[in-house]
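To start, the structure under review is shown below, and the notes come after it.
When a ligand or atom number is given, it counts from 1 through the structure's own listing order.
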Amino acid sequence: MALFSKKKDKEQVLPQNLPAHIGIIMDGNGRWAKKRALPRSMGHSAGAQTFRKIARYCSDIGIRHLTVYAFSTENWRRPQEEVDALMKLFEEYLNEALRDFKDDTIVVKFLGDRTAFSPKLQALINENEEESKDREGMVLNIAMNYGGRDELVTATKKIAEKVKNGELSVDDINAELISDSIYTAGQPDPDLIIRPSGEFRISNFLLWQSAYAEYYISDKLWPDFTTDDLDEAIAEFSTRNRRYGGV
Ligand code: FPP
């Protein structure tokens with residue numbers, strides 16, 4: 001059965017052409033708020049609503065892995081008021097996920113260094129992972145205090161430590177070992193990375209994993225991004241000719 005078949009004017013995407021893993025850089029919350037003369041925190045609240053809608057939709061249409069960039073290792077440089085508002089949003093969402101999603105199928109994982117968060121937020125992160133780990137649906141990776149460079153530095157230290165104590169030899173170091181040593185270990189690389197708000201930047205997101213990802217840039221600001229926009233990104237993705245360096 002083709003997906004999106006209820007939308008007559010849309011290209012139809014066969015399940016085998018769906019991306020197994022989608023990454024989203026949820027950008028444009030600040031500009032969305034500015035356009036409405038609202039504080040930036042209101043843009044993030046609106047962005048959190050879009051995140052809920054899009055994550056649910058991805059799970060419904062059969063996406064197996066979704067990674068959202070919620071807070072980068074560089075985002076601590078923002079004004080304290082904005083950082084606090086984001087931490088509050090994360091707590092709200094993680095409380096809601098624990099309270100309301102008991103029968104959900106979504107597996108929730110976190111990418112990034114969680115030790116920088118408050119003990120309360122760390123406890124919520126751990127509880128969500130523990131509570132959802134045996135589910136069989138889509139894996140939702142929430143990248144928080146995540147940076148691609150930081151991820152590679154952490155993995156490199158882990159590997160160097162193993163070489164030092166004799167668990168590994170230098171010849172054991174290869175791409176597979178690195179993939180197995182980063183936060184997304186065991187998950188497929190992203191096929192499609194979506195960046196709303198018209199920016200053409202990677203911004204330290206999934207640097208290792210995105211080696212062969214297809215990028216899709218949308219002009220919509222994240223809070224305005226809809227399930228139709230996601231359908232369009234997937235439909236376009238399904239027409240791309242991926243060669244992985246071959247011909
Ligand atoms: C980038 O837009 C967005 C962020 C730094 C935060 C993203 C967070 C959310 C959408 C909150 C919800 C997440 C969860 C997991 C509940 P920006 O502020 O840089 O926008 P701008 O470029 O227009 O200023």
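For ligand 1, the atoms lying closer than 4.0 Å to a non-hydrogen atom of Y93 are 16 (C). Ligand 1 places these atoms under 4.0 Å from at least one heavy atom of G30: 17 (P), 18 (O), 20 (O), 21 (P), 23 (O), 24 (O). Taking every non-hydrogen atom of A70 and a distance limit under 4.0 Å, the qualifying atoms of ligand 1 come out as 6 (C), 7 (C), 8 (C). Close approach to H44 involves these atoms of ligand 1, each under 4.0 Å from a residue heavy atom: 4 (C), 6 (C), 11 (C), 18 (O).
By the 3.5 Å distance cut-off applied to N or O atoms, D27 is counted among the residues near ligand 1. Of the N or O atoms in R78, one or more lie within a sub-3.5 Å distance of an N or O in ligand 1. For the pair Y69 and ligand 1, the shortest N or O to N or O distance does not fall below 3.5 Å.
Between the side chain of N128 and the backbone N or O of V108, no donor-acceptor pair lies under 3.5 Å. Checking side-chain atoms of T184 against main-chain N and O of Q187 turns up no donor-acceptor pair under 3.5 Å.
Put simply, the side chain of I25 does not reach to within 4.5 Å of the side chain of W222, judged on heavy atoms. At a threshold of 4.5 Å between non-hydrogen side-chain atoms, the residues I159 and I178 count as touching.
With respect to E199 and R31, a salt bridge is recorded, a charged nitrogen being found less than 4.0 Å from a carboxylate O. Ion pair E96/R52 flagged as a salt bridge, since at least one NZ, NE, NH1 or NH2 atom sits closer than 4.0 Å to an Asp/Glu carboxylate oxygen. In this structure, E129 does not pair ionically with K109, as no charged nitrogen and carboxylate oxygen lie closer than 4.0 Å.
Contacts between E199 and ligand 1 below 4.0 angstrom, taking non-hydrogen atoms only, are absent altogether. Of all the heavy atoms of W32, none lies under 4.0 Å from any atom of ligand 1, so neither backbone nor side chain is involved. Residue-level proximity to ligand 1 for N75 is carried by the side chain, the only part with a heavy atom below 4.0 angstrom. Neither the backbone nor the side chain of K88 has any atom closer than 4.0 Å to an atom of ligand 1 (non-hydrogen atoms only).
Among protein heavy atoms, atom 13 (C) of ligand 1 sits closest to F90 CE2, 3.8 Å. Atom 3 (C) of ligand 1 has its closest protein heavy atom at M26 O, 3.1 Å. Scanning the protein heavy atoms around atom 22 (O) of ligand 1, the nearest turns out to be R31 NH2, 2.9 Å.
Ring planes of H21 and H65: tilted class, angle from 30 to 60°. Classification of the F90-F117 ring pair by plane angle, with boundaries at 30° and 60°, yields perpendicular.
Taking 4.0 Å as the cut-off, E92 does not count as a neighbour of ligand 1 on heavy-atom distance. Contact analysis leaves K34 out of contact with ligand 1, as no non-hydrogen atom separation drops below 4.0 angstrom.
In the candidate list I142, N29, I24, N29 is nearest to atom 10 (C) of ligand 1, counting heavy atoms.
No side-chain donor-acceptor contact under 3.5 Å links Y216 and E236.
Residues I54 and Y93 share a hydrophobic cluster, clusters being chains of Ile/Leu/Val/Met/Phe/Trp/Tyr side chains in contact below 4.5 Å.
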